[in-house]
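Scope of the values below: all heavy atoms of this structure, side chains included, with no hydrogens, waters or symmetry mates.
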Amino acid sequence: MFSQTKLELVPSIRVAGLLTLPCLASLILILLADIPLLFTLLLLGLQLYISYQCISKHAFLTSPNSIFSIQINTDTVYLEDKTGRRYIATLLPKSVIHPIFSLLSFDCEPIITDAKSIKSQDKYGSIYCLKPIYYFLKNRICANPRRHLFICRYNAANLSAYRRSRVWFKFS
């Protein structure tokens, strides 16, 4: 019988090094491409920004949207980000689970705990002319936010919880 598992993630310089490798490869490809200098500089700047965001969010956990805790019950997964927001998560089938690392993708539904956050989420719904646009964007385009995680033994606080969660994700 499976019991509850809580996996805490910690910042890791090794994970930052692992995530830097594809970023450096894409920077080299941009530099070697036969495109005008202005587009090269624009693409380099864009790639550096995206690389910084990725590394700060997944390796150093400095972004407010960084997931730092995964709680697994018998049939439900909860994610918690740095600001304290909790999500009920559903693992997507395109996730990669390997003995060395896991690239996990989740569809998330936020758990609303107080009336103030309900009111702040519906702030554009009360304006009559923006109501159709708000509901279209909420229900059609960004119905459930997605969260992506890179987990390995270097950024897991407890190796036994990491192994148990990896087995649960693989076989559930």
Side-chain angles (χ1 to χ4, degrees), residues 2-33 42-113 117 121 137-138 141-172:
F2 184 78
S3 63
Q4 180 178 349
T5 300
K6 185 167 185 175
L7 175 63
E8 302 265 339
L9 301 176
V10 294
S12 172
I13 192 76
R14 290 181 178 175
V15 173
L18 289 172
L19 292 177
T20 301
L21 293 176
C23 298
L24 287 175
S26 64
L27 286 174
I28 291 170
L29 287 175
I30 291 171
L31 288 173
L32 295 177
L42 181 68
L43 287 174
L44 281 175
L46 183 65
Q47 179 60 34
L48 286 173
Y49 175 74
I50 291 171
S51 300
Y52 170 76
Q53 290 295 324
C54 177
I55 291 169
S56 70
K57 183 176 183 180
H58 298 292
F60 294 127
L61 304 176
T62 57
S63 171
N65 295 338
S66 297
I67 301 295
F68 77 94
S69 174
I70 304 169
Q71 183 178 354
I72 304 170
N73 293 339
T74 55
D75 59 347
T76 310
V77 178
Y78 298 100
L79 302 177
E80 186 173 349
D81 65 6
K82 201 169 181 178
T83 60
R85 290 182 298 228
R86 289 179 49 93
Y87 301 94
I88 297 175
T90 305
L91 186 68
L92 295 175
K94 64 180 178 180
S95 299
V96 176
I97 301 167
H98 192 269
I100 298 172
F101 67 91
S102 298
L103 293 171
L104 304 174
S105 296
F106 295 99
D107 263 341
C108 298
E109 291 182 29
I111 298 174
I112 300 173
T113 57
S117 61
Q121 284 190 349
L137 291 174
K138 182 178 177 188
I141 294 179
C142 53
N144 290 336
R146 293 216 171 147
R147 297 287 186 252
H148 307 283
L149 296 173
F150 180 83
I151 303 173
C152 66
R153 66 183 183 140
Y154 301 120
N155 66 346
N158 185 354
L159 288 179
S160 121
Y162 168 62
R163 282 190 292 273
R164 291 179 67 194
S165 63
R166 190 180 67 221
V167 168
W168 190 89
F169 287 133
K170 182 132 179 124
F171 296 111
S172 66

Side chain proximity check, [X] to [Y], heavy atoms < 4.5 angstrom:
X    : Y    : result
K6   : S69  : yes
V15  : I151 : no
R146 : H148 : yes
L92  : D107 : yes
V77  : I88  : no
R166 : I97  : yes
Y78  : I70  : no
C108 : L79  : yes

* Sorted by first residue and then second, give each side chain to side chain donor-acceptor pair (under 3.5 Å) pair with at least one member in residues 8-20; sequence neighbours left out. => none
* Structure fact -> So the side chain to side chain donor-acceptor pair (under 3.5 Å) pairs with at least one residue in residues 42-58 (sequence neighbours excluded) are S26-Q47, Q47-S51
About how many Å separate [atom2] of [Y] and [atom1] of [X], when rounded to the nearest 0.5 Å?
X    : Y    : atom1 : atom2 : answer
I72  : W168 : CD1   : CH2   : 6.0 Å
F68  : L149 : CZ    : CG    : 12.5 Å
I55  : L61  : CD1   : CG    : 12.5 Å
N155 : I13  : CG    : CD1   : 12.5 Å

* Looking at residues at least two apart in the chain, or sitting in another chain, which of them share a salt bridge (charged side-chain N to carboxylate O under 4.0 Å, His left out) with R85? ->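 So R85 forms a salt bridge (charged side-chain N to carboxylate O under 4.0 Å, His left out) with D81.
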* Asked: Who pairs with R86 by salt bridge (charged side-chain N to carboxylate O under 4.0 Å, His left out), at least two apart in sequence or on another chain?
  ->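 R86: salt bridge (charged side-chain N to carboxylate O under 4.0 Å, His left out) contacts with E80.
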* Closest non-hydrogen atom pair between P99 and Y162, with its separation ->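 Heavy atoms only, the tightest pair is O-OH, 4.0 Å.
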* **Listed partners of L31 passing side chain to side chain contact (heavy atoms under 4.5 Å, CB included), at least two apart** => T40, L44
* With distance as the sole test, does N158 use its side chain to make a donor-acceptor pair with the main-chain N or O of S160 at under 3.5 Å? ->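 Confirmed, N158 side chain pairs with S160 backbone.
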* Yes or no on side chain to side chain contact (heavy atoms under 4.5 Å, CB included) for L104 and V96, after CA distance, side-chain angles and deciding distance? -> CA-CA 6 Å; L104 304 174; V96 176; over 6 Å; no
* To do: Sorted by first residue and then second, give each ring pair (Phe, Tyr, Trp, His ring centres under 6.0 Å) pair with at least one member in residues 81-110; sequence neighbours left out.
  => H98-F101, F101-F150, F106-F169
